[in-house]
Amino acid sequence: MIRLLKWWQNMSRQKRVGWTILIISVGYLLYFLKVRLFAPGPEITRKEWIYFGLTFVGIMLGTINIRMAEMRERNQKLMTLSDFIPPKQ
C-alpha cells in the first residue's frame with residue numbers, strides 16, 4: 001500500500017488527474033453494466049443512459065491526459081532550457 005502511495009505522489013498532477021478520471025469512468029461503466037443493465041430492477045432512465053455515454057468520454061479524456069503527461073515528461077528530458085532561449089545578437 002505504501003508503494004502505491006509513493007507511486008501516486010511521484011506522478012505529475014496531469015497524470016494523476018488522468019488516472020483519477022479513468023478509474024472513476026471505468027468504475028461507473030462496470031457498475032452500470034453489472035448492476036443496472038444485466039440485473040433485474042427498475043427501468044433505466046434517460047439520465048442514466050446519458051451518464052453511460054459520458055463514461056466513454058471520461059475514459060477518452062483520462063487516457064488523453066495520461067498520454068499527454070507522458071509526452072510532456074519525455075520532451076522535458078530531451079530539451080534543455082537553452083533550447084528555448086534564442087541567442088542574443
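Since the structure is predicted, the reported quantities are computational estimates derived from the model, not experimental observations.
Separation of atoms CD1 (I66) and CG (L22) is listed at 5.0 Å; rounding is to 0.5 Å. If you take CE on M11 and CD on E73, they are separated by 9.5 Å, rounding to the nearest 0.5 Å. One distance of note links CG of L29 with CG of L54; it measures 12.5 Å at 0.5 Å rounding.
Connection of I24 to L30 is not established within any shared hydrophobic cluster, with ILVMFWY side chains joined at heavy-atom distances below 4.5 Å, either directly or through further cluster members. Linking ILVMFWY residues whenever their side-chain heavy atoms come closer than 4.5 Å, directly or via other members, leaves I50 and V35 in distinct clusters. In the hydrophobic clustering of ILVMFWY residues, with side-chain heavy atoms under 4.5 Å counting as a link, V26 and M60 come out apart.
The side chain to side chain donor-acceptor pair (under 3.5 Å) contacts involving residues 32-41 comprise R36-E48, where partners must be two or more places apart or lie in separate chains. Among residues at least two apart or in separate chains, there is no salt bridge (Lys or Arg N to Asp or Glu O under 4.0 Å) pair with a member in residues 53-68. Screening residues 7-32 for side chain to side chain donor-acceptor pair (under 3.5 Å) gives Q14-R72 as the qualifying pairs, with residues at least two apart or on separate chains. Counting only residues at least two apart or on different chains, no salt bridge (Lys or Arg N to Asp or Glu O under 4.0 Å) pair has a member in residues 20-32. The list of salt bridge (Lys or Arg N to Asp or Glu O under 4.0 Å) pairs with a residue in residues 19-31, not counting sequence neighbours, is empty.
Under a 4.5 Å side-chain heavy-atom criterion applied to ILVMFWY residues, the cluster that includes I21 comprises V17 as well. Cluster note: I23 groups with no other residue, as no ILVMFWY side-chain heavy atom lies under 4.5 Å from it.
Side chains of F32 and F38 form no contact here, defined as non-hydrogen atoms less than 4.5 Å apart.
Qualifying side-chain contact (heavy atoms from CB on, under 4.5 Å) partners for L61, counting only residues two or more places apart in sequence or in other chains: V57. For the side-chain contact (heavy atoms from CB on, under 4.5 Å) test, no residue two or more places apart in sequence or in another chain qualifies with I2.
The number of heavy-atom neighbours closer than 6.0 Å to CZ of F52, taken from other residues, nucleotides and ligands shown, is above 12.
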